[in-house]
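Note on naming: letters A, B, ... go to the chains in the order of the sequence lines (proteins, then strands), and numbering restarts at 1 for each one. Atom set for the values below is all heavy atoms of this structure, side chains included, hydrogens, waters and symmetry mates excluded. Every value quoted in this text rests on a predicted model; they were computed, and no experiment measured them.
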2 protein chains.
Amino acid sequence: MVEHEDRLSRVFSALADPTRRDMVARLAAGDATVSELAAPYDVSLQAVSKHLKVLEDAGLVSRSRDAQRRPVHLDAEVFDLMTKWIERYRQQAEERYQRLDALLDRLQGRDNDESKDKGAAG
Amino acid sequence: MVEHEDRLSRVFSALADPTRRDMVARLAAGDATVSELAAPYDVSLQAVSKHLKVLEDAGLVSRSRDAQRRPVHLDAEVFDLMTKWIERYRQQAEERYQRLDALLDRLQGRDNDESKDKGAAG
DNA sequence: CCGCTACTCAACCAAACGGTTGACAACGCC
DNA sequence: GGCGTTGTCAACCGTTTGGTTGAGTAGCGG
């Protein structure tokens with residue numbers, strides 16, 4: 001897998017880690033510096049810095065500069081990319097399910113003579 | 001990380017792979033067997049089988065039995081889990097953004113005397 | 001300018017991931 | 001009952017990931 005081929009993969013991959021998800025959750029409440037973000041976790045600052053790089057590469061956060069500090073900001077737009085992907089296939093799956101449901105209804109309506117007797121088959 | 005600690009991590013992680021996302025996309029159109037799913041990809045059947053295990057462990061698909069075949073079915077409910085997580089923090093981030101926006105508006109309204117003259121500072 | 005604070009870069013390591021091949025289990029069919 | 005089909009399990013392998021430590025950079029404050 002040479003590298004992550006597309007944005008969507010990077011986003012999903014970034015959010016697959018509970019620490020990173022927690023960071024995103026906290027950043028939703030407001031920007032924070034690297035040390036502030038690192039505080040609650042029992043890992044080195046370098047590890048947190050790496051996590052932030054992953055989030056940044058995924059386009060989920062951006063970092064600016066304030067003296068020595070690097071305030072981290074959540075870019076919520078990328079969420080749309082995921083939501084769209086998810087919704088698309090969920091809807092498709094649901095529609096299919098409903099069509100199947102409707103079909104079963106019709107079959108039952110048409111052949112309810114048989115279904116009454118042998119409906120438990122399969 | 002020993003193992004994936006929670007469901008959400010497994011789901012995001014499962015969808016971080018483009019092949020698995022493609023499988024989900026195709027399964028949204030209808031159930032399929034392992035070989036059917038494997039056909040378009042240039043990997044072994046075993047690799048596809050592994051991918052399906054990942055999707056199954058994440059609760060994204062379920063597998064039944066039909067003779068030698070193992071039809072794979074998409075379980076779209078898990079999508080809700082993701083959507084809820086995403087929407088929660090996106091909304092939070094957006095609300096924060098709007099509050100900030102409103103605050104800036106108010107500040108501008110109050111001090112527009114100064115901002116007219118020295119607004120280009122920085 | 002020196003030192004402290006805040007953070008990043010580089011090298012390294014163990015574990016997990018995605019792929020392979022080989023063996024084998026489950027089932028329908030002749 | 002043996003054979004082909006369909007799929008899984010196991011062992012192995014190279015790359016990626018998430019963590020570590022050590023060194024270095026950037027900027028403020030005395």
Heavy-atom side-chain proximity of A/K53 to A/R63 below 4.5 angstrom
yes
Residue pair A/M23 / A/L55, side-chain heavy-atom distance below 4.5 Å
yes
Send over the distance from [X] [atom1] to [N] [atom2], rounded to a whole Å.
| X | N | atom1 | atom2 | result |
| --- | --- | --- | --- | --- |
| A/R10 | D/dT16 | CZ | P | 14 Å |
| A/D66 | C/dT5 | CG | C1' | 13 Å |
| A/R69 | C/dC4 | CZ | P | 17 Å |
| A/K50 | C/dC9 | NZ | P | 11 Å |
| B/M23 | C/dG18 | CE | P | 11 Å |
| B/L37 | D/dT8 | CG | P | 11 Å |
| B/L45 | D/dT8 | CG | P | 7 Å |
| A/F12 | D/dT16 | CZ | P | 22 Å |

Taking the side chain of [X] as its heavy atoms from C-beta onward, which of [options] lies nearest to it?
| X | options | answer |
| --- | --- | --- |
| A/S49 | C/dT8, D/dT8, C/dG18 | C/dT8 |
| B/A67 | D/dA26, C/dT8, C/dC27 | C/dC27 |
| A/Q46 | D/dT20, D/dG18, C/dT20 | D/dT20 |
| B/H51 | C/dT20, D/dG27, C/dG18 | C/dG18 |
| A/Q68 | D/dT5, D/dG27, C/dT8 | D/dG27 |

OP1 or OP2 of [N] less than 4.0 angstrom from a side-chain nitrogen or oxygen of [X], does that happen here?
| X | N | answer |
| --- | --- | --- |
| B/R70 | C/dA26 | no |
| A/R20 | D/dG18 | yes |
| A/S44 | D/dT20 | yes |

Could you say whether B/P71 or A/A47 is positioned toward the 5' end of DNA chain D, judged by the nucleotide with the nearest heavy atom to each?
B/P71
For a quick check of understanding: with a heavy-atom distance under 4.0 Å over all strands, which category does B/K53 fall into, base, sugar-phosphate or nothing?
nothing
Among side-chain atoms of B/D6 and B/S9, is any donor-acceptor pair under 3.5 angstrom?
yes
Does the plane of the ring in A/W85 sit parallel, tilted or perpendicular to the ring in A/F12? Use 30° and 60° as the thresholds.
perpendicular
How long is the gap from CD1 on A/I86 to CE on A/M82, to the nearest 0.5 Å?
6.5 Å
